[in-house]
Amino acid sequence: MKKNFQFTIRLKLMTISFLLLTIPLVILGLLSYQKTTSSLNKLGETKLKNSVEMTIELIDALNKEVEKGTLSLEEAQEQVKVAILGEKNADGKRPINKNFDLGENGYIFIINQEGTFIGHPAVEGRESWNDEDSKGVKFIQKMIKTGNEGGGLTYYEWALPDNENRIEKKVAYSKTDPHWGWVVCAGTYLMDFN
């Protein structure tokens with residue numbers, strides 16, 4: 001009986017000790033995970049913003065050449081599209097420029113004020129003003145509005161390119177170029193940041 005009593009007390013002490021060690025470690029792990037996720041998201045959002053700002057600087061430089069008369073507007077605009085994406089293929093698509101590391105699925109694209117993609121890897125020329133995400137958010141309209149207001153982030157949900165049944169959160173930074181009125185955007189899935 002005395003042995004059973006000692007065994008029970010020992011088991012209880014071990015259980016309490018284990019819990020006293022484990023609970024703080026689990027809490028610390030969860031807090032660290034949340035902090036790391038937040039930091040990675042902020043870093044990714046900064047990458048998106050910097051890519052857009054760099055593209056707008058390129059537009060500014062090429063627009064100066066247009067104003068000098070050394071380039072036509074059409075040539076300058078095509079040079080921007082080639083720089084951020086690549087040459088248009090025979091099927092009308094452009095490759096994603098891998099020199100811009102915006103995550104596995106990230107890329108820069110351009111829409112006009114009416115919501116038409118004028119620089120995009122897959123749907124260039126498509127009108128998208130009324131496109132909605134899985135929750136009914138008209139994200140193209142939000143990107144244009146945000147871009148016209150000085151730039152910022154738009155969050156929405158969209159199917160993965162390789163799995164249309166899997167919806168994930170996306171983020172895009174958009175800003176309107178003052179010369180041509182283009183809304184320059186850089187976007188990717190949040191999962192690419194983490």
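- Contact record, A83 with N97: O-ND2, 2.7 Å, taken as the closest heavy-atom pair.
- Between Y107 and F100, the ring centre distance reaches or exceeds 6.0 Å.
- Remark: the Q141 side chain and the D131 side chain contain no N/O donor-acceptor pair separated by less than 3.5 Å.
- Residue I110 is grouped with residue L73 when hydrophobic side chains (ILVMFWY) are merged at heavy-atom distances under 4.5 angstrom, including chains of intermediate members.
- The cationic group of K170 lies under 6.0 Å from the six-membered ring centre of Y189 and within 45° of the ring axis, placing it in a cation-pi geometry.
- Judged purely by atom type and a 3.5 angstrom limit, K175 has no side-chain atom pairing as donor or acceptor with the backbone of V183.
- Side-chain contact between T154 and Y173 is absent, with no heavy-atom pair separated by less than 4.5 Å.
- Checked by atom type and distance alone, the side chain of R94 pairs as donor or acceptor with a backbone atom of G86 at under 3.5 Å.
- For the residue pair N63 and W180, a side-chain donor N or O sits within less than 3.5 Å of a side-chain acceptor on the partner.
- Atom OG1 of T176 and atom CD of Q113 lie 5.0 Å apart (nearest 0.5 Å).
- Taking both residues in full, the closest heavy atoms of S51 and T55 are given as O-OG1, 2.9 Å, listed atom of the first, atom of the second, then distance.
- Between the CD atom of Q77 and the CG atom of L71 there is a distance of 11.0 Å, given to the nearest 0.5 Å.
- For the pair S128 and F117, the tightest heavy-atom approach, listed with the atom from each and the gap, is OG-CE1, 3.3 Å.
- In terms of hydrophobic clustering, with Ile, Leu, Val, Met, Phe, Trp and Tyr side chains grouped at heavy-atom distances under 4.5 Å, M191 and Y156 are assigned to a common cluster.
- With N89 contributing its side chain and G92 its backbone, the two residues share no donor-acceptor pair below 3.5 Å.
- In this structure, E149 pairs ionically with K145, as a charged nitrogen and a carboxylate oxygen lie closer than 4.0 Å.
- The shortest side-chain heavy-atom distance between T116 and R126 does not fall under the 4.5 Å cut-off.
- Checked for salt-bridge contact, E65 and K68 meet the test: a charged N lies under 4.0 Å from a carboxylate O.
- Across every non-hydrogen atom of P161 and N105, the tightest pair is CG-OD1, 3.6 Å.
- Put simply, the side chain of S174 never gets that close to the backbone of T146: no donor and acceptor are under 3.5 Å apart.
- If you chain together hydrophobic residues whose side chains sit under 4.5 Å apart, V82 and V66 never meet in one group.
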Between V80 and W182, does a side-chain contact (heavy atoms from CB on, under 4.5 Å) hold up when you go through it step by step?
CA-CA 11 Å; V80 171; W182 284 2; 3.9 Å; yes
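- S72 and E75 share a donor-acceptor pair across their side chains, judged by distance under 3.5 Å alone.
- Atoms CD and OG1, on E53 and T46 in that order, are 11.5 Å from each other to the nearest 0.5 Å.
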What's the verdict on side chain to side chain donor-acceptor pair (under 3.5 Å) for E157 and S134, showing C-alpha distance, side-chain angles and the deciding distance?
CA-CA 6 Å; E157 294 185 353; S134 60; 2.9 Å; yes
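- Contact of the E124 side chain with the I118 side chain is not registered, since no non-hydrogen atoms from C-beta on lie closer than 4.5 Å.
- When all heavy atoms of I84 and I108 are compared, the closest pair comes out as CD1-CG2, 3.7 Å.
- Between L102 and L48 the shortest side-chain heavy-atom distance falls below 4.5 Å.
- How far CE of M143 is from NZ of K138: 14.5 Å, rounded to the nearest 0.5 Å.
- In this structure, I140 and G115 approach most closely via the heavy-atom pair CG2-CA, 4.0 Å.
- Of the residues D192, N163, L160, the one that meets the side chain to side chain contact (heavy atoms under 4.5 Å, CB included) test with E168 is L160.
- To the nearest 0.5 Å, the span separating CE on M54 from CD1 on I59 amounts to 9.5 Å.
- A donor-acceptor distance shorter than 3.5 angstrom exists from the side chain of E127 to the backbone of W129, with no hydrogens or angles considered.
- Between atom CD of residue E57 and atom CG of residue D177 there is a gap of 10.0 Å, rounded to the nearest 0.5 Å.
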